[in-house]
Amino acid sequence: MEPVYNPKKIEAEAQQYWEDHKTFKATENPDQEKFYCLSMFPYPSGSLHVGHVRNYTLGDAISRFWRMQGKNVLQPIGWDAFGLPAENAAIKHQVPPAKWTYQNIKHMGDQLKRLGFGYDWDREIATCKPEYYRWEQWLFIQLYQKGLVYRKNSVVNWDPVDQTVLANEQVIDGRGWRSGAKIERREIPQWFLKITAYAEELLQDLDKLTEWPAQVKTMQRNWIGKAEGAIVHFKVVNRAEEIEIFTTCPDTLFGVTYLAIAPEHPLALTVAESNPLVHQFIEECRLGKVAEAEFATLEKRGMDLGLKVINPVNGETVPLWVANYVLMDYGTGAIMAVPAHDARDYEFAKKYGLPIKQVVTPIENNQICDLSKAAFVEKGKLIHSGQFDGLGYKDACKAIIQFLEEKKVGQGQIHWRLRDWGVSRQRYWGAPIPMIYCKTCGTVPVPQKDLPVVLPEEVEFVGVGSPLKKMPEFYKTICPNCQQPAERETDTFDTFIESSWYYARFACPDQTDAIFDERADYWTPVDQYIGGIEHAILHLLYARFFHKAMRDLKLIASDEPFSRLLSQGMVLKDGTKMSKSVGNTVDPESLIEQYGADTLRFFLMFGSPPEQSLEWSESGVEGAFRFLKRLWDMTAKYIKQPNPKDPREDVQKQLRRLCHETIAKVTDDFGRRHTFNTAIAAMMELFNHMQTLSKNANIKEPLEAIILMLSPIAPHITHALWNALGHQQAIIDETWPKVDSAALVKQSQEWVVQVNGKLRGNIEAPVSAANQDLERWALEQENVKRHLEGKKVQRIIIVPNKLINIVVKDA
RNA sequence: GCCCGGGUGGCGAAAUUGGUAGACGCAAGGGACUUAAAAUCCCUCGGACUAAUCCUCCGUGCCGGUUCGAGUCCGGCCCCGGGCACCA
């Protein structure tokens with residue numbers, strides 16, 4: 001064994017060993033329990049950042065742990081290779097997006113290898129390759145034929161100067177990031193996936209995901225947003241139209257004092273034709289980008305359309321307004337306004353002097369509440385509501401919905417917040433949407449034999465519009481139906497599609513005849529999925545939707561893609577997110593160079609629990625290195641002189657108990673809690689005890705336990721140390737240490753003594769001590785006695801194996 | 001604005017089911033070894049009071065509540081972060 005810890009040398013040796021022995025090649029084996037561990041695949045942005053390393057270290061540590069527990073582990077890796085940054089790089093550096101992407105994949109792949117992650121590299125996927133996206137195109141057509149795909153108009157950010165659609169992040173303060181032009185919302189035809197067809201199942205099945213963090217499930221539940229309410233029809237006075245609104249509070253229908261419709265609502269557009277002021281208002285409303293946060297925070301503005309509508313429950317006429325806070329994409333594009341009981345309507349009514357009419361009153365004090373400052377938004381009892389007066393929220397909703405249905409002016413309805421998924425992108429670097437437009441036959445999907453529709457990789461990139469629109473050799477084609485000239489769709493897919501099914505393709509990435517084969521049902525669902533919390537809603541919801549749709553196409557057997565989920569926090573530096581744009585990134589490569597991969601991995605696992613954000617600290621990295629070095633030195637010393645000069649049986653027994661307590665703790669932390677930080681702390685504690693007790697006890701057992709249990713986190717140094725200790729088998733093939741419960745037995749233990757909940761002493765007592773004795777010993781303590789002077793003992797609470805609390809009162 | 005998290009020493013954090021607040025580590029200070037430095041090892045390390053490492057009091061963002069007992073539960077606030085459907 002080398003006397004000095006030399007990470008560079010031992011890391012290269014360990015990695016060479018794994019490569020030579022094809023250690024991480026995963027093979028299907030029906031006789032062995034499988035464990036599919038997947039970290040969210042990276043976007044090949046250029047080089048790894050510390051957040052990636054944290055994510056992949058978590059995945060690797062979990063994979064190696066379960067491997068040592070005897071599971072057949074699959075841990076694949078790939079590249080989420082389509083996306084906007086490649087186009088930006090293309091404009092900036094005059095390099096085609098494909099070339100830039102493949103360079104990045106090469107570089108980042110090499111970096112991953114130097115970190116020693118146990119991937120099955122034979123299964124590597126890059127989503128920008130035709131052999132991957134051909135099956136995505138194929139799947140899209142299957143969904144189309146199932147009726148889960150349709151085309152409709154929807155709103156995008158339009159840059160009128162660059163004549164380009166912009167992503168939300170490319171709109172800064174309402175202006176295009178390159179042109180500086182004011183952005184307008186514009187409607188264009190786009191392809192949609194009917195995720196709403198699965199809304200109910202996506203909601204219900206959250207209950208099956210018992211191993212998902214509660215916060216992620218709550219976020220998804222709220223995002224799907226199932227709401228019971230009612231559709232109500234308001235007739236427009238002197239016109240043929242009716243305005244249809246959805247409300248979750250039909251109980252407040254008598255409090256409606258105006259209706260508001262979205263600027264894009266057909267009736268608003270009709271009025272605008274003859275009213276220049278309304279026309280101008282609607283034009284102004286089109287400025288700004290498409291984002292919910294944008295609408296929710298903008299100043300509420302509106303205009304009276306000069307029309308009246310009739311409230312079907314009481315025949316009252318109320319004015320019809322157009323308002324910028326009503327969204328055409330949500331519900332019906334029209335709302336009923338009840339200023340007395342809705343905060344937004346209240347603000348709007350106050351601003352424009354519209355009436356505020358109370359119809360709900362608090363149950364406990366049946367009085368008119370003060371509406372001069374704010375709306376009363378709680379549930380209560382109805383007043384001023386005709387025959388419905390006196391009813392509570394639920395009864396009122398029920399009775400009013402029944403009334404609406406009887407009079408045929410509305411009905412009860414379930415509303416979903418979830419909207420269908422728009423998948424068209426007016427961009428080049430994405431998978432082509434496999435559709436053909438024919439003058440005679442209409443929209444025709446590309447036949448399977450013609451897949452993939454290959455994205456041309458050699459392109460001139462200037463950043464104004466998609467290059468595909470200027471490439472007749474791409475878009476000119478023949479209609480598969482009538483053989484007449486036709487045109488291809490030039491939009492590409494949202495890159496979220498690639499990441500919605502890649503986890504299943506990892507089971508059989510080499511299959512050329514089908515999207516999946518029987519290996520997919522061996523490996524899926526993913527047993528452990530790990531990724532950033534920022535993906536809690538969109539990516540995970542889309543993947544769940546795809547999985548269910550693929551199940552219904554009989555492509556896969558299970559109902560959910562990810563059995564267990566770990567949502568990782570961000571890596572921060574100086575309290576803010578570490579990112580390229582802030583310019584505070586840390587390069588993992590120089591750290592590997594200086595300290596080695598094990599030190600970096602160790603620090604990232606030790607710094608904080610995975611779900612929390614992690615504060616970067618250079619000195620913390622040094623601390624990690626120091627510990628690994630101490631472990632190296634300790635092992636070297638042990639090999640030189642295995643037996644203590646002055647052995648003692650009681651010390652040996654004590655050390656053994658500490659060792660097995662630690663094994664129990666670390667096993668639980670790895671397998672159940674995923675709190676690698678406390679697992680490492682426990683190993684350090686054992687290490688410190690071991691060092692202290694090494695004069696009087698043989699340390700073989702705890703030393704080997706620490707090395708084994710540290711191996712998922714720091715696989716290189718433990719590989720070398722295990723060899724040095726004389727083991728024939730490589731540590732990666734060893735099994736996880738087992739707890740010997742006999743070693744845990746204790747004769748006596750410490751009890752905490754409290755008086756009125758405050759710590760006043762400790763007693764050491766036999767584990768089997770009777771409560772009577774514990775009480776007596778507690779009361780005999782000098783410090784306890786002092787606190788009992790002049791007091792009367794009320795009762796004594798004993799918490800088993802923990803504490804004795806004496807409750808006293810002034811005598 | 002809405003939804004979801006978080007806030008504990010100088011710093012990262014621990015306290016798993018309501019039961020000893022600060023494990024483990026970093027930084028700092030003191031000491032040993034050394035010609036010296038680095039490395040290593042040992043000691044101290046929330047605040048106040050104190051001769052003291054005793055005792056006592058205060059202390060987990062802020063205000064209030066429940067309880068024998070609250071970092072943990074409940075109500076109300078403040079601040080920070082993530083997401084909000086075209087960044088991935």
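Chain letters run A, B, ... following the sequence lines, proteins first, then strands; residues in each count from 1.
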Q.
So if I define the base as every atom that isn't primed, P, OP1 or OP2, how would nucleotides 74-84 of chain B read as a B/S/- string at a heavy-atom cutoff under 4.0 Å?
A. -------SSSB
Q: Tell me, please, which residues at least two apart from A:Glu264 pass salt bridge (Lys or Arg N to Asp or Glu O under 4.0 Å).
A: none
(Q) Quick check against the 3.5 Å criterion: does A:Gln568 have a side-chain atom that pairs as donor or acceptor with the backbone of A:Asn55? (A) yes
Q. Any idea which of B:C57, B:A88, B:C87 is nearest the A:Arg760 side chain?
A. B:C57
Q. Heavy atoms, side chains only, cut-off 4.5 Å: are A:Tyr5 and A:Asp633 in contact?
A. no
(Q) Using a 3.5 Å limit for the pairing distances, which stems of at least 3 consecutive Watson-Crick or G-U wobble pairs does RNA chain B take part in? (A) B:1-7 with B:78-84, B:10-12 with B:24-26, B:28-32 with B:40-44, B:46-48 with B:56-58, B:61-65 with B:73-77
Q) Excluding sequence neighbours, so at least two apart, what forms salt bridge (Lys or Arg N to Asp or Glu O under 4.0 Å) with A:Arg54? A) none
Q) Between A:Gln749 and A:Asn801, which heavy-atom pair has the shortest distance, and what is it? A) NE2-O, 2.9 Å
Q) Mind checking what makes salt bridge (Lys or Arg N to Asp or Glu O under 4.0 Å) contact with A:Lys92, not counting sequence neighbours? A) none
Q: Using a 4.0 Å cut-off on protein heavy atoms (strictly under), produce a 5'-to-3' string for nucleotides 14-28 of chain B with B for base contact, S for backbone-only sugar-phosphate contact, and - for none.
A: SSB--BB--BBSSS-
**Q.** B:A15 versus B:C79 - spacing of their C1' atoms, nearest Å
**A.** 25 Å
Q: Have a look at A:Phe295 and say if it touches a base, only the backbone sugar-phosphate, or nothing, with a 4.0 Å heavy-atom cut-off.
A: nothing
